Amino acid sequence: MAADREPVRSSQGRSAPISCHRRQRDKIQIPEEKKITYCDLPIKQQRRKLIQAVKDNPFLIVTGRTGSGKTTQLPKYLYEAGFSKHGTIGVTQPRKVAAISVAQRVAEEMNCSLGNLVGYQVRFDDCSSQDTAIKYMTDGCLLRHMMVDPDLTKFSVIILDEAHERTLTTDILFGLLKKLFQEKSPTRKEHLKVVVMSATMELVGLSAFFGNCPVVDIPGKIFPVKEIFCDLIGPKDKENSSYVNAVVKVTLEIHLNELAGDILVFLTEQQRRIFLPPPPGIRKCVVSTNISATSLTIDGIRYVVDGGFVKQLNHNPRLGLDMLEVVPISKSEAMQRTGRAGRTSSGTCFRIYNQDFWNQCMPDYMIPEIKRTSLTSVILTLKCLAIHDVIRFPYLERPDEKLILEALKHLYQCDAINRSGHVTKLGLSMAEFPLSPNLTRAILKAAFWGCEDLLLPIAAMLSVENVFIRPGEAEKQKEAELRHQELSSQAGGFNDFATLAVIFEQCKSSTSPPTWCQRYWIHWRCLQSAFRVEGQLREIIRKLKQQPDFPRENYDGPKHEILRRCLCTGYFTNVARRSVGRTFCTMDGHGTPIHIHPSSALYNQESKLEWIIFHDVLVTSKMYVKTVCPIRYEWVKDLLPKLYQFDAYELSSMARHEVTEEEIKRWENKEDLKQQKDKAMKESLKKMQRRNDDKSILDARARFLERKHQRSQGITGTLKETD
DNA sequence: GAGCACTGC
């Protein structure tokens with residue numbers, strides 16, 4: 001077996017120790033790595049091993065800390081070994097900047113101009129050509145590419161980099177690539193190879209997923225980092241967000257007591273300012289929310305202050321809502337933070353939490369995105385790739401079935417799939433758009449009515465970052481708010497969607513858009529990307545309209561209602577009706593009480609409203625809806641039944657049909673056992689509670705006998721059958 | 001009367 005080959009270490013039986021010299025992030029390393037000439041990189045000694053391992057195995061895992069050179073050198077080695085004769089060597093990155101800057105560096109090293117031998121492709125920027133042998137791209141780009149070329153016929157090697165980040169797209173690509181090899185598709189090239197590169201991960205599981213493929217480890221150097229638990233936060237403070245004070249305290253202490261060296265501080269939000277006393281010498285203190293957020297120069301960082309928390313966007317399938325939650329970071333993330341102190345010299349990492357917090361509250365690894373985000377778009381993509389059985393898709397880690405069923409339900413409600421879970425013609429069109437299904441559905445309705453010009457700017461504005469500037473200073477904030485109100489009243493004063501359109505159009509047609517933005521406290525950079533997104537969406541619609549069977553419908557209602565009618569087609573899943581006072585109730589079956597966010601033009605206007613639709617929900621201190629618009633009941637009346645008239649079983653029936661009888665039996669038994677386990681757990685919990693109650697002791701024996709009797713009649717019988 | 005991370009097509 002290839003896994004037993006000498007130079008290549010199998011991952012079998014290998015633990016994934018948490019130690020600081022193995023935790024890295026590549027993005028920051030990029031500028032720094034430049035200083036090392038590529039001849040000195042540790043990966044060079046493994047060159048032959050790596051090439052051989054790729055030749056011998058369909059899948060290979062390469063691990064190594066940042067700075068080992070795997071991102072830049074491995075594709076080059078494979079090119080030099082002749083792999084690109086059979087197709088492009090594709091390297092994916094989770095982020096655009098990384099894809100572009102790595103491509104630049106490799107092109108430099110190989111002495112060619114970017115876009116020829118070495119190129120990159122990201123959204124809005126394709127810098128590659130027919131001659132491109134090594135192509136860096138975002139993982140999203142590769143996923144898009146697979147919708148046109150599912151067998152990846154153009155590629156000889158696919159390298160998935162930064163696999164440890166476990167982005168939603170990387171996880172989907174894992175499954176798609178695995179499937180490609182399982183099915184032995186006739187069009188798949190014999191020589192397609194897959195390399196997964198990761199800094200830190202549960203490598204045993206990953207290797208097992210890819211058929212126990214070999215793992216090559218590239219060692220690297222790091223200076224020693226002292227780890228100090230400051231004991232300012234313990235397990236009890238898990239829900240408490242007052243850790244900011246602790247972070248400031250530790251930072252000040254470092255500044256006053258420690259030797260020269262810059263400080264890197266990790267917090268969950270941008271702080272307006274962390275005050276440091278006038279410096280005796282000058283010391284730089286960088287406050288960062290997340291490592292990937294900004295490319296920081298980390299030269300000279302000797303001290304890291306780890307606040308211990310991150311902000312995470314989680315999707316709650318029960319409520320159908322996204323929630324921004326502050327959660328403890330994982331041990332592996334903490335080690336990555338630690339590593340940041342030892343890049344250029346030895347350093348110290350101050351953790352504001354104690355050892356108990358580390359042991360009890362921090363998971364080993366972060367929960368991957370696929371298990372905590374809405375899967376609607378991803379499931380639609382899979383359906384378009386003819387993967388109907390989305391429940392049994394080979395996930396590295398299977399998301400909760402509830403999450404998948406919720407996505408199916410949503411897709412059905414948007415007409416993207418039919419009752420039996422098959423993708424519809426409309427669904428295929430929807431997958432063309434890089435937008436949420438709700439928004440896409442609204443755009444397509446507009447296109448059917450021939451009024452897409454109304455919707456495209458709104459869609460573009462909703463898919464870029466928040467355009468409204470909120471200055472920190474109180475007076476300026478007032479001014480900004482007034483300007484924003486001015487804009488919303490120009491849009492009629494009662495429709496946040498229309499406000500976005502007004503901003504888009506006014507800025508675009510102004511003589512100096514940047515000045516216009518300054519005046520109205522709007523982020524010019526966001527608008528620039530909105531302009532580009534609008535162009536891209538317009539192009540997609542143009543192509544769809546060229547199809548001969550593109551539906552064209554007549555709109556016969558009043559003109560001033562057409563925008564909101566289109567929005568209703570997409571957002572009827574997000575309808576709410578006013579209940580008591582300023583509270584609204586969603587109509588999606590959950591009946592969740594919601595409130596209009598103070599940033600909306602409809603805030604404080606609630607008494608005048610009856611029915612509304614909203615773009616998104618944010619749960620902070622209350623459940624808030626943002627980007628709201630009032631509607632009439634008649635517009636959604638016919639659509640609302642669709643919110644309830646579906647059968648989750650039927651929607652996922654594709655999965656069931658393909659499952660053998662035997663599998664169903666096994667699955668049912670598992671469920672039985674699980675239920676029994678749950679029941680037993682609940683009972684023992686109750687028991688523990690009762691034990692604390694003195695009065696109950698006398699009854700304990702009687703209950704015990706009663707339960708024993710029940711068990712001997714009921715549960716044991718079931719167990720015997722399943723055995 | 002809120003605020004409050006990041007990425008991607």
Side-chain angles (χ1 to χ4, degrees), chain A residues 25 27 92-100 121-126 137-148 162 165-173 241 243-244 266-272 287-295 307 309-314 322-327 329 333 366 368-370 372-373 377-378 380-381 384 430-437 439-440 459-460 463-466 468-472 474 477-478 480-481 484 529 532-533 535-537 539-540 582 595-600 602-606 618-626:
Chain A
R25 284 277 190 161
K27 191 182 161 195
T92 69
Q93 296 287 325
R95 282 171 299 279
K96 282 194 211 179
V97 255
I100 297 171
Q121 188 186 347
V122 299
R123 190 186 188 184
F124 299 128
D125 195 1
D126 183 359
M137 56 194 151
T138 47
D139 46 17
C141 261
L142 184 64
L143 190 58
R144 279 275 138 181
H145 178 88
M146 286 191 83
M147 297 190 61
V148 194
E162 310 284 17
E165 289 193 23
R166 300 293 304 278
T167 65
L168 186 55
T169 347
T170 309
D171 265 24
I172 291 297
L173 286 171
S241 58
Y243 59 92
V244 177
F266 288 103
L267 276 175
T268 54
E269 57 241 31
Q270 298 290 352
Q271 294 300 299
R272 295 254 181 259
V287 183
S288 164
T289 46
N290 205 324
I291 323 174
S292 56
T294 35
S295 29
F309 291 88
V310 270
K311 226 166 251 177
Q312 215 173 55
L313 189 69
N314 294 329
D322 288 336
M323 301 190 186
L324 198 58
E325 290 173 307
V326 177
V327 296
I329 59 167
E333 285 170 291
M366 194 183 44
E369 215 181 345
I370 200 166
R372 25 164 269 253
T373 39
S377 293
V378 156
L380 181 58
T381 309
C384 289
M430 284 170 69
E432 298 285 319
F433 291 85
L435 298 171
S436 76
L439 201 46
T440 308
S463 66
V464 298
E465 285 170 276
N466 182 23
F468 299 101
I469 297 174
R470 285 182 54 83
Q477 196 172 312
K478 271 247 165 90
E481 269 174 32
H484 295 159
S529 33
R532 279 200 295 182
V533 173
Q536 187 191 25
L537 300 177
E539 180 60 19
I540 296 169
R582 299 169 64 175
H595 303 264
I596 295 180
H597 194 271
S599 65
S600 166
L602 300 186
Y603 181 77
N604 266 340
Q605 310 288 326
E606 288 88 345
L618 196 64
V619 184
T620 49
S621 56
K622 279 181 189 166
M623 296 218 188
Y624 284 109
V625 289
K626 299 173 85 177

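So you know, we letter chains A, B, ... as the sequences are listed, proteins then strands, and number each from 1. Quick note: numbers below take in every heavy atom, side chains included, and nothing from hydrogens, waters or symmetry partners. The structure displayed is predicted, hence computed values, not measured ones.
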Undergrad: Is the phosphate of dG1(B), meaning OP1 or OP2, less than 4.0 Å from a side-chain N or O of His595(A)?
TA: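 For dG1(B), neither OP1 nor OP2 has a side-chain N or O of His595(A) closer than 4.0 Å.
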Undergrad: Would you classify Gln121(A) as touching base, sugar-phosphate or nothing, given that sugar-phosphate means primed atoms plus P, OP1 and OP2, and contacts are heavy atoms under 4.0 Å?
TA: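 Result for Gln121(A) = nothing.
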Undergrad: From the set dC9(B), dA2(B), dG1(B), return the single nucleotide nearest to any side-chain atom of Tyr603(A).
TA: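 Nearest nucleotide to the side chain: dG1(B).
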Undergrad: Let me know, please, whether Asp139(A) or Lys622(A) comes out on the 5' side of the other along DNA chain B by nearest nucleotide.
TA: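 Comparing both residues, the 5'-ward one is Lys622(A).
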Undergrad: In whole Å, what is the span from the CE atom of Met366(A) to the C1' atom of dC6(B)?
TA: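 After rounding, the gap between these two atoms is 10 Å.
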Undergrad: Whole Å only: how far is the CZ atom of Phe468(A) from the P atom of dG3(B)?
TA: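 So the CZ-P distance, Phe468(A) to dG3(B), works out to 16 Å.
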Undergrad: Which nucleotide in the set dC9(B), dA2(B), dG8(B) lies at the smallest distance from any side-chain heavy atom of Val122(A)?
TA: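 Ranking dC9(B), dA2(B), dG8(B) by closest atom to the Val122(A) side chain puts dC9(B) first.
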Undergrad: In whole Å, what is the span from the CZ atom of Phe433(A) to the C1' atom of dC9(B)?
TA: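 Value for this atom pair: 13 Å.
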Undergrad: In chain order, what residues pass the side-chain contact (heavy atoms from CB on, under 4.5 Å) check against Val122(A), with sequence neighbours excluded?
TA: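 By the side-chain contact (heavy atoms from CB on, under 4.5 Å) rule, Val122(A) matches Lys96(A), Ala99(A), Ile100(A), Tyr120(A), Asp125(A), Thr138(A).
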Undergrad: Rounded to the nearest Å, what distance is computed from the CG atom of residue Asn466(A) to the P atom of nucleotide dA2(B)?
TA: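 Rounded to whole Å, this separation is 17 Å.
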Undergrad: Of all the nucleotides listed (dG3(B), dC9(B), dG1(B)), which has the minimum atom distance to the side chain of Arg582(A)?
TA: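 Closest nucleotide to the Arg582(A) side chain: dG1(B).
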Undergrad: Assign Phe124(A) to base, sugar-phosphate, or nothing according to its heavy-atom contacts below 4.0 angstrom with the strands shown.
TA: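 If one applies the 4.0 Å heavy-atom cut-off, Phe124(A) turns out to touch nothing in the nucleic acid.
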Undergrad: Can you tell me if Thr167(A) touches the phosphate of dG8(B), counting only side-chain N or O atoms and a distance under 4.0 Å to OP1 or OP2?
TA: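 No, outside the criterion.
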Undergrad: Using a heavy-atom cut-off of 4.0 Å across all strands, would you classify Ser599(A) as base, sugar-phosphate, or nothing?
TA: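 Touches nothing.
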Undergrad: Measure the distance from CG on Asn314(A) to P on dC4(B) and round it to the nearest whole Å.
TA: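 Going from Asn314(A) (CG) to dC4(B) (P), I get 18 Å.
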Undergrad: To the nearest Å, how far apart are Leu168(A) CG and dA5(B) P?
TA: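 Interatomic distance, CG of Leu168(A) to P of dA5(B): 21 Å.
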Undergrad: Which residues pass the side-chain contact (heavy atoms from CB on, under 4.5 Å) test with Thr169(A), not counting sequence neighbours?
TA: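 Result, side-chain contact (heavy atoms from CB on, under 4.5 Å) vs Thr169(A): Asp139(A), Leu143(A), Thr167(A).
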Undergrad: Is it true that, when you exclude Glu539(A) itself, more than 12 heavy atoms of the residues, nucleotides or ligands shown sit nearer than 6.0 Å to its CD?
TA: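 Yes - once you tally the heavy atoms of other residues, nucleotides and ligands closer than 6.0 Å, there are more than 12.
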Undergrad: Between Thr373(A) and Leu313(A), is any pair of side-chain heavy atoms under 4.5 Å apart?
TA: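 Thr373(A) does not reach Leu313(A) side chain to side chain.
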Undergrad: Could you state the CD1-C1' distance from Ile370(A) to dT7(B), rounded to the nearest angstrom?
TA: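 Taking CD1 of Ile370(A) and C1' of dT7(B), I get 15 Å after rounding.
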Undergrad: Distance from Cys384(A) atom SG to Glu432(A) atom CD, nearest 0.5 Å?
TA: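 Output value for this atom pair is 8.0 Å.
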Undergrad: Tell me: NZ of Lys626(A) to P of dC4(B), nearest whole Å?
TA: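 Nearest whole value for this atom pair: 7 Å.
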Undergrad: On the nucleotide dC9(B), are OP1 or OP2 found under 4.0 Å from the side-chain N or O atoms that Lys96(A) carries?
TA: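 Result: yes.
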Undergrad: For the side chain of Lys311(A), counting heavy atoms from C-beta on, which of dC4(B), dA2(B), dC9(B) is nearest?
TA: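 The answer is dC4(B), which lies nearest to the side chain.
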Undergrad: Heavy atoms from C-beta onward define the side chain here; which of dG3(B), dC9(B), dA5(B) lies closest to that of Leu313(A)?
TA: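 Comparing dG3(B), dC9(B), dA5(B) against the side chain of Leu313(A), the answer is dA5(B).
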